[in-house]
Amino acid sequence: MKCLSSSSVSLFIFLCLCFESVWTKNVSESDRQEASIPPRGWNSYDSFCWTISEEEFLQSAEVVSQRLHDHGYEYVVVDYLWYRRKVEGAYHDSLGFDVIDKWGRMLPDPGRWPSSENGKGFAEVANRVHGMGLKFGIHVMRGISTQAVNANTPILDTKTGGAYQESGRVWYAKDIAIPERACAWMPHGFMSVNTKLGAGKAFLRSLYEQYASWDVDFVKHDCVFGDDFDLNEISYVSEVLKEFDRPIVYSLSPGTSVTPAMAKDVSGLVNMYRVTGDDWDTWGDVKSHFDIARDFSNANLIGAKGLTGKSWPDLDMLPFGWLTDPGSNEGPHRFSHLNLEEKKTQMTLWSMAKSPLMYGGDVRKIDPSTYDIITNPTLLEINSFSSNNMEFPYITSVKSEDQDLSLRRSGKEIKTTFTHSLGLTRCSESKAMGWASERLNLYLERICWKRSLGNKHLAPFCVHKRELYFPLDEVSMYHQGKHHLVATNRLKFCLDASPKRKLTSKEFKRGTFSPCRWDSNQMWELNPNGTLVNSYSGLCATVESSEDTINSGGLRSWVATGRKGEVYIAFFNLSEQKTVMSAKASDLAKFLPARDFSSCEGSEVWSGDAVEITKGKLSTAVEMHGSVLIVLNCS
């Protein structure tokens, strides 16, 4: 064996070190690519609301590890109010029951989370979860808690370990809090902080550095998106998370009134963001997701660039199996109201739209049919690795005379009425510029939506303008130019921008009025360009004519392509009758021009039946509220 000279050895070591440095850098960059596919896991909210304990959570995590992890479910997330003491009088919007530290930061309730005692937070729970091969997530709210503001706790400066000081003084919770921007659906719980202040930024940084010290892998940030939009807080939190050595998936909630235009402001800052209200186990909730899923696909937001990786529109959790009720103080006590066909439809849409998949039911009691649905290998393949995912509009139906007669005899004729629907959007959008004021007399001014509603039977939407009357010591620059907008027939009721409770997916705002209060949710400012901006969210109001359609149906279809060239076609029957649905090969070729649909064969996923295109058409019968998912291999 030939010996190397000392210079050769030195060169060899140098090259090895260089190679190691490059390899380490590449691995590090790869590790930082968060949410390269839609995140998948389990969240405690649908089954436990806020009441889950450490024992129940770890039992659930163990099941996820043993039964779901091999199918890509890797996150287990504690949803909201893990810091609230479970005692008499405590509920989702109660005040004074939370565990906070001397800096006003939330700590797990040691009564429910005993491993958190002595200031350890969630560190031990995260360690147990990581030992199962999973990743650990928590739910957090906007800004600062009302309890911390009332206690006027000092702000922590994480750089010094002491109280934050600026301009020669110590800063406290009341210095950074914005009481006018309390969370609309949890007004006693949390409010925004002023991110223009150094102390406001220091408080938010202290929160997320604490979560990172607990080894949290996933943060669901609530009451900051949709009707509760707070772009300043989202932007700063994203900036803080990007600085950390270990990645944390960043998720936003809720999604009421979210539009693709609004999402474009945040998609690059986060990894997933809700696009609907809360999804629960009703057919109306499932059905309401089809339009919004289509809109986000058309806007090319599925898998767009996100925080150190990609971002995904989130259709919310899968409410299957054993559940609780919204806002409940109970754990799982009832079975999902969705039938088997409806659950298949929901899982198929979520997969075709590439939504994050977060199971919401009690995994400790998961039933065989639910397990088969959420672990279906074809659906999970589509959800993770398919491309060209989009709604396919060229579908037809075939109904027999007997079906039509049955529909008429059942009394399920479609009846349509119209009403006003209040929406919120970015103020820079042209569709927001539709408001104008007119003076009715010396004392009364009216603001009306002047753009066409497209319905001659619907009267214009108008409200009366009323000055805000504050005690002199409470007037600030914040209130100047803003007004209450009162109902024309109830002068003590003012227009709300965001509902006073969390809406479900099937619900949408029609312009809600409630007793007038001095909070920013009811403060509006009419700009010279015809936009009407709300002080709570900074978004502008629009008005549309909405249909209240009774027993209306609908047929939908989605297409996507797979990694091996296969084509996925999903038919959805949203109507109240079993229907034969068809798609022409020529129309499919328009959407996927690289495929030859003249000679295709494949199978239907749920039944396993063979499928082929005959006479230039793909046809299949679809059950009421059901779906058919076809995998085609075309030459």
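All heavy atoms count here, side chains included; hydrogens, waters and symmetry mates do not.
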Does any donor atom in the side chain of [X] or [Y] lie under 3.5 Å from an acceptor atom in the other side chain?
| X | Y | answer |
| --- | --- | --- |
| D285 | S288 | no |
| R40 | S384 | yes |
| T345 | E342 | no |
| S387 | T561 | yes |

Side chains of [X] and [Y]: does their closest heavy-atom pair fall under 4.5 Å?
| X | Y | answer |
| --- | --- | --- |
| L380 | H71 | yes |
| M358 | P39 | yes |
| N339 | W283 | no |
| D281 | F320 | no |
| T542 | L424 | no |
| K431 | R451 | yes |
| N529 | W435 | no |
| D279 | L315 | no |

(message) Applying the side-chain contact (heavy atoms from CB on, under 4.5 Å) criterion to N271, which one of D314, L307, L241 satisfies it?
(response) L307

(message) Out of the candidates L252, V224, I234, only one should pair with F229 under the side-chain contact (heavy atoms from CB on, under 4.5 Å) rule; please name it.
(response) I234

(request) Start with the C-alpha gap between D587 and F392, add the side-chain angles, then the distance that decides, and say whether side chain to side chain contact (heavy atoms under 4.5 Å, CB included) holds. (result) CA-CA 9 Å; D587 289 331; F392 175 71; 3.7 Å; yes

Side-chain ([X]) to main-chain ([Y]) donor-acceptor, under 3.5 angstrom:
| X | Y | result |
| --- | --- | --- |
| T375 | Y371 | yes |
| T348 | K344 | yes |
| T531 | V533 | no |
| E623 | G626 | no |
| S238 | L269 | yes |
| W312 | L301 | no |
| T370 | I366 | no |
| S336 | P319 | yes |
| H333 | G331 | yes |

Specify the closest pair of heavy atoms between [X] and [Y], including all atoms of both residues, with the distance to one decimal.
| X | Y | result |
| --- | --- | --- |
| V258 | G226 | CG2-CA, 3.5 Å |
| G565 | R595 | O-NE, 3.2 Å |
| C427 | L539 | SG-C, 3.8 Å |
| V559 | F591 | CG2-CD2, 4.4 Å |
| D228 | R142 | O-NH1, 3.7 Å |
| S369 | K343 | OG-NZ, 4.2 Å |

Within 45 degrees of the axis of the six-membered ring of [Y] and under 6.0 Å from its centre: does [X] put its NZ or CZ there?
| X | Y | value |
| --- | --- | --- |
| R556 | F572 | no |
| R274 | F225 | no |
| K135 | F218 | no |

As an exercise, state the distance from [atom1] of [X] to [atom2] of [Y], rounded to the nearest 0.5 Å.
| X | Y | atom1 | atom2 | answer |
| --- | --- | --- | --- | --- |
| M624 | Q577 | CE | CD | 8.0 Å |
| Q346 | S351 | CD | OG | 10.0 Å |
| E576 | H625 | CD | NE2 | 3.5 Å |
| W42 | H69 | CH2 | NE2 | 16.0 Å |
| D496 | D227 | CG | CG | 10.5 Å |
| L629 | W558 | CG | CH2 | 13.0 Å |

(request) Assess whether side chain to side chain contact (heavy atoms under 4.5 Å, CB included) is satisfied between Y75 and S251, documenting all intermediate values. (result) CA-CA 12 Å; Y75 293 96; S251 170; over 6 Å; no

(message) Go through it in stages, so that I can follow the logic: the residues are L632 and I569, the test is side chain to side chain contact (heavy atoms under 4.5 Å, CB included), and I'd like the CA-CA distance, side-chain angles, deciding distance and then a yes or no.
(response) CA-CA 8 Å; L632 283 179; I569 303 173; 3.7 Å; yes

(request) Decide, yes or no, whether a salt bridge links D325 with R334 under the criterion of side-chain N to carboxylate O below 4.0 Å. (result) yes

Please tabulate, one pair per line, all N/O donor-acceptor pairs under 3.5 Å involving side-chain atoms of residues 612-622, not counting sequence neighbours.
from, atom 1, to, atom 2, distance (Å)
S619, OG, S582, OG, 2.7

(message) If you take the centroid of each ring, where Trp contributes its six-membered ring, are Y80 and Y45 closer together than 6.0 Å?
(response) yes

(request) Answer with yes or no after comparing the ring centroid distance for W350 and H289 against a 6.0 Å cut-off, counting only values under it. (result) yes

(message) Using the side-chain hydrogen bond (donor to acceptor under 3.5 Å, both in side chains) definition, which of the options N383, N389, N388 pairs with S386?
(response) N389

(message) Check the orientation of F296 and Y273. Use parallel for under 30°, tilted for 30 to 60°, and perpendicular for over 60°.
(response) tilted

(message) Under the disulfide (SG to SG under 2.5 Å) definition, can you give me all pairs with a residue in residues 574-635, not counting sequence neighbours?
(response) C600-C634

(message) Checking C540 against N534 for the side chain to side chain contact (heavy atoms under 4.5 Å, CB included) test, could you report, in this order, the C-alpha distance in whole Å, the side-chain angles of both residues, the deciding distance, and whether it holds?
(response) CA-CA 6 Å; C540 282; N534 176 250; over 6 Å; no

